[in-house]
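Here the structure is laid out as structure tokens; the discussion comes afterwards.
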Amino acid sequence: MTLAAEAPVITPAPLTPPPAARVQRQVAVLVDACCEISPDEAMALGIEVLPREAKVDNRAALLDIEKTLHPSCWPTPLRSVAPGPLAVGDLAQRYGDVLRQGQSVLVIQPASQYDPTGRGALAARSVLMADGAFAH
């Protein structure tokens, strides 16, 4: 009895290469204290709240991790808020601290037409780049 030779099975090559392994990075999330996150949520999620001076209902206030613009931080609803200027050097120092710990920095800021914080964050990034602490 003669056995017929089996035809080889041809498997088509994949059209796309397999995805590269994702790089795992630790990311520090920093938000301005003029945000509306509750202090409890910020602490539970490990979000760092950067202090910021502001005029709240025409009175000077220091906003921080314990007192943001979240309604739970105030006895009555706020009528007006005017964020104070950012200290770019302090901001650059904090970003640098995070980068030296081997983490990436994720900064979420409102549009610059509403608050100049975004420009401050970019200025702080420029300071770090000039110092060689920021690779990108």
Side-chain angles (χ1 to χ4, degrees):
M1 174 172 165
T2 308
L3 294 174
E6 292 185 25
V9 176
I10 300 174
T11 306
L15 297 177
T16 57
R22 289 186 176 220
V23 175
Q24 297 293 319
R25 295 195 70 122
Q26 293 290 323
V27 177
V29 179
L30 292 87
V31 298
D32 188 298
C34 285
C35 66
E36 293 183 359
I37 191 169
S38 77
D40 291 338
E41 286 176 312
M43 286 187 254
L45 296 171
I47 295 174
E48 183 172 343
V49 178
L50 300 170
R52 179 111 183 248
E53 292 180 356
K55 247 192 167 165
V56 178
D57 290 340
N58 295 317
R59 283 191 237 139
L62 177 63
L63 304 174
D64 58 21
I65 185 65
E66 296 175 1
K67 191 165 200 161
T68 65
L69 293 181
H70 190 270
S72 68
C73 297
W74 302 89
T76 59
L78 301 177
R79 293 183 311 270
S80 67
V81 176
L86 277 175
V88 173
D90 292 343
L91 195 56
Q93 175 68 39
R94 185 60 201 121
Y95 290 177
D97 292 345
V98 170
L99 293 171
R100 280 187 288 282
Q101 293 169 7
Q103 296 180 303
S104 295
V105 179
L106 172 63
V107 180
I108 303 170
Q109 301 290 349
S112 61
Q113 65 260 36
Y114 302 115
D115 182 0
T117 305
R119 285 181 288 217
L122 290 173
R125 179 181 178 268
S126 295
V127 168
L128 289 170
M129 287 177 67
D131 288 344
F134 192 36
H136 300 288

Item checked: Listed once per pair and sorted, the salt bridge (Lys or Arg N to Asp or Glu O under 4.0 Å) pairs that draw on residues 66-91, sequence neighbours left out -> none

Note to self: Once side-chain contact (heavy atoms from CB on, under 4.5 Å) is applied, do any residues pair with Leu78, and if so which ones, sequence neighbours excluded?
What the structure shows: Val56, Asp57, Leu69, Trp74, Val81

Next item on the list: Would you tell me whether Asp97 and Gln101 have side-chain atoms, one donor and one acceptor, within less than 3.5 Å of each other?
Entry: no

Check: Regarding Thr68 and His70, is there a side-chain donor-to-acceptor distance under 3.5 Å anywhere?
Finding: no

Next item on the list: Indicate, with yes or no, if Ile65 and Val31 share a hydrophobic cluster defined by side-chain heavy-atom contacts under 4.5 Å among Ile, Leu, Val, Met, Phe, Trp and Tyr.
Entry: yes

Next item on the list: Give me the other members of the hydrophobic cluster that Leu62 sits in, counting Ile, Leu, Val, Met, Phe, Trp and Tyr linked by side-chain heavy atoms under 4.5 Å, directly or via other members.
Entry: none

Would you list the atom pairs, donor with acceptor, under 3.5 Å between side chains in residues 33-51 and any protein atom, with sequence neighbours excluded?
from: Ser38; atom 1: OG; to: Glu41; atom 2: N; distance (Å): 3.0
from: Ser38; atom 1: OG; to: Glu41; atom 2: OE1; distance (Å): 3.3
from: Glu41; atom 1: OE1; to: Ser38; atom 2: N; distance (Å): 3.3
from: Glu48; atom 1: OE1; to: Arg94; atom 2: NE; distance (Å): 3.0
from: Glu48; atom 1: OE1; to: Arg94; atom 2: NH2; distance (Å): 2.7
from: Glu48; atom 1: OE2; to: Arg94; atom 2: NE; distance (Å): 2.7

